[in-house]
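Read through the structure below, which is laid out as structure tokens, and then see the notes.
Counting starts at 1 for both ligands and their atoms, in listed order. Starting from 1, each residue takes its place in the sequence as its number.
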Amino acid sequence: MRIVVVGGVAAGLSAASRARRLDPAAEILVFEKGKRISYGACGLPYLLEGQVSSIDELVVYRPEFFEKERNIRIRTESEVIAVHHARREAVLRSGERVRYDRLVWAAGARPSRASSAPRVFRLHTDADALRLLEFLEREKPRTATVVGGGYIGLEAATALRARGLRVRLFHDATTLLNREDPWLTKLVAGRLEQCGVEVRLNERADPETADAGLVIDATGLRPNVEVLAEAGAALGRTGALAVSERMETSLHGVFAAGDCCEARHVVTGRDVWIPLGTTANKMGRVAGANAAGRRERFAGVAGTSIVRVAGLAVAATGLSQQQARREGFSPVEAVVEGRERARYFFGKSLAVQLVADRGSRRLLGAAAVGDDGVLARINTVAAALAAPMDVETFAGIDLAYAPPYSTVADPLLVCAQQLLRLLDH
Ligand code: FAD
């Protein structure tokens, strides 16, 4: 049995490792087109900001670890350019043909637009970050324009501002972070402005012509599907690879995981494309297990995410009110502002939003903005969405309290009470 994995980061290496654990005898081969494997792209903004001192700190395991400890062969700088599934064969750019019994496609995503302009940068790969750092040190630009108000754009703006650049952020919609929540955008944009980032909402800027010492193009991603699509694998409605709950593509014996494929949304039951690192790891484990002959299923996603923007923690899970409406629910929303912990423990403010369906009273989503306490609140809601749970049940859950950590009436439960009142009217 030979399992070939394409992509040597989160999803690919989780798949390879899990397959090895379940099948000690299989031959497992990973092809990665870049120079590095197993690095956390999530840490790149902190490398840019200077909190992480070298790219090596972001590398979790080196190829030797996989070779020696897990008996997994790693081939870097090896791009798979074609798959001939009828012959169970992957073709490398070098022309080499590699036979497989099972294939795991974990090729990730890439920025939607390419650019060769010398002062336009992306923050997607290790190579992007190194090129950007080198430019910053060599050219010492004083101004930066960031195009795109998703989480990568906001992390990049934060990092460049922390390095002392004058930063302008353009976003072509009225709300940030792909969440149509004006209250959340107001808090996030307010914090960015306080830190000296000029935020231009509802303004389109062209990264190629923007007037600044450097430009970050953070205008979005697209999944790396072309090679597998050409081999006959079906794409879903989002344009990412369609997969079953077992992470199998429409080609029998070919699995996909991570940013290149769709996943079932736990609230709507529909297939969505929400590329995130934690999801990539979990999908990879399932794809690897099934490639090794198991029958495991991936539980789906709620789009749970958290990001730090100029010191503010911003998190969301499930559906916003607008998304819920588009999905055919009749949503009701409550937003409350409380404190993360007791005032005498310097509790900072914490804003929490909950969204529920009027008809079924089911909890549909949440967002939170504040400090460290945001994580616990959003994860609590993520668990409730997976249950799933109605607002009454949620409002009654037994959350922990002590003054250094929380408030006696947790803002999340205060918000749930408010939502109940709205549902009853
Ligand atoms: P990737 O990490 O993209 O890996 C795919 C690999 O496949 C790449 O190395 C690529 O070179 C290789 N490849 C592609 N095509 C081929 C081919 N044909 N042949 C061989 N190799 C190929 N997620 C979070 O959950 N939390 C965060 O805080 C967070 N922060 C982020 C910050 C930044 C700046 C970025 C860029 C991403 C962040 N993410 C975060 C997202 C997270 O990094 C990705 O979701 C995750 O890396 C996806 O893993 P993957 O294995 O699917 O794809």
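- Here the protein heavy atom with the shortest distance to atom 14 (C) of ligand 1 is A107 O, 3.2 Å.
- An N or O contact shorter than 3.5 Å links Y151 to ligand 1 by distance.
- Interface of F31 with ligand 1, defined as ligand atoms under 4.0 Å from a residue heavy atom, comprises 20 (C), 21 (N).
- Short contacts between ligand 1 and A10, defined as distances under 4.0 Å to a heavy atom of the residue, involve ligand atoms 49 (O), 51 (O).
- When all heavy atoms are compared, the tightest approach of L385 to A302 is CD1-CB, 4.2 Å.
- Of all the atoms in ligand 1, the ones that sit under 4.0 Å from a non-hydrogen atom of G258 are 52 (O).
- Heavy-atom neighbours of R161 CZ from other residues, nucleotides or ligands within 6.0 Å: above the threshold of 12.
- At under 3.5 Å, not a single nitrogen or oxygen of W105, backbone or side chain, sits near a nitrogen or oxygen of ligand 1.
- No donor-acceptor contact under 3.5 angstrom links the side chains of S320 and D181, judged on distance only.
- With a 6.0 Å radius and a threshold of 12 heavy atoms from other residues, nucleotides or ligands, R21 has its CZ atom at or below the threshold.
- Atom 21 (N) of ligand 1 has K33 N, 3.1 Å as its closest protein atom, hydrogens excluded (heavy atom only).
- Against a heavy-atom cut-off of under 4.0 Å, E79 is close to the following atoms of ligand 1: 17 (C), 18 (N), 19 (N), 20 (C).
- Around the CD atom of E230, the shell of radius 6.0 Å holds no more than 12 heavy atoms that belong to other residues, nucleotides or ligands.
- Protein heavy atom in closest approach to atom 3 (O) of ligand 1: G108 CA, 3.6 Å.
- A cation-pi arrangement is present between R131 and F121, with the terminal nitrogen or guanidinium carbon under 6.0 Å from the aromatic centre and inside a 45° cone about the axis.
- Considering both main-chain and side-chain atoms, G277 comes within under 3.5 Å of ligand 1 through a nitrogen or oxygen pair.
- Assignment of I152 to the shell around ligand 1 is supported, since a heavy atom sits closer than 4.0 Å.
- Of all atoms in ligand 1, numbered sequentially from 1 with element shown, those under 4.0 Å from a heavy atom of L123 are 34 (C), 36 (C).
- In the candidate list P275, A127, A106, A106 is nearest to atom 5 (C) of ligand 1, counting heavy atoms.
- For the pair R88 (side chain) and H85 (backbone), a donor-acceptor distance under 3.5 Å is present.
- Under a 4.0 Å N-O distance rule, the pair R362/D390 does not qualify as a salt bridge.
- Close approach to E155 involves these atoms of ligand 1, each under 4.0 Å from a residue heavy atom: 32 (C).
- Here the closest heavy-atom approach between residue A212 and residue T145 is recorded as CB-OG1, 3.3 Å.
- Residue V80 has at least one nitrogen or oxygen atom sitting less than 3.5 Å from a nitrogen or oxygen atom of ligand 1, judged on distance alone.
- Ranking protein heavy atoms by distance to atom 28 (O) of ligand 1, first place goes to C42 CB, 3.8 Å.
- Pairs of residues two or more places apart, or lying in two chains, that qualify as ring pair (Phe, Tyr, Trp, His ring centres under 6.0 Å) and include a residue from residues 37-69 are Y61-F65, Y61-F66.
- At the shortest separation from atom 43 (O) of ligand 1 among protein heavy atoms lies A41 CB, 3.5 Å.
- Among protein heavy atoms, the minimum distance from atom 44 (C) of ligand 1 is reached at D259 OD2, 3.3 Å.
- For ligand 1, the atoms sitting less than 4.0 Å from at least one non-hydrogen atom of A280 are 48 (C), 49 (O), 52 (O), numbered in the order shown with element in parentheses.
- Residue contacts with ligand 1 do not include A156, since none of its heavy atoms lies under 4.0 Å from the ligand.
- The number of heavy-atom neighbours closer than 6.0 Å to CG of N178, taken from other residues, nucleotides and ligands shown, is 12 or below.
- Residues meeting the ring-ring contact (aromatic ring centres under 6.0 Å, His included) test with F298, sequence neighbours left out: none.
- Between E198 and R168, at least one side-chain nitrogen of the basic residue sits less than 4.0 Å from a carboxylate oxygen of the acidic one, meeting the salt-bridge criterion.
- Within the 4.0 Å heavy-atom criterion, neither part of C260 lies near ligand 1.
- Looking at ligand 1, you'll find an N or O of A11 within less than 3.5 Å of one of its N or O atoms.
- Checking only distances, E32 does come within under 3.5 Å of ligand 1, N or O to N or O.
- Within 6.0 Å of CZ on R294 lie no more than 12 heavy atoms contributed by other residues, nucleotides or ligands.
- In this structure, the protein non-hydrogen atom closest to atom 7 (O) of ligand 1 is G7 CA, 3.3 Å.
- With ligand atoms numbered from 1 in the order given, ligand 1 contributes 34 (C) to contacts under 4.0 Å with heavy atoms of P45.
- The proximity of V6 to ligand 1, defined as any non-hydrogen pair under 4.0 Å, is limited to the side chain.
- Salt-bridge annotation for E64 and R62: absent, with no side-chain N of the basic residue lying under 4.0 Å from a carboxylate O of the acidic one.
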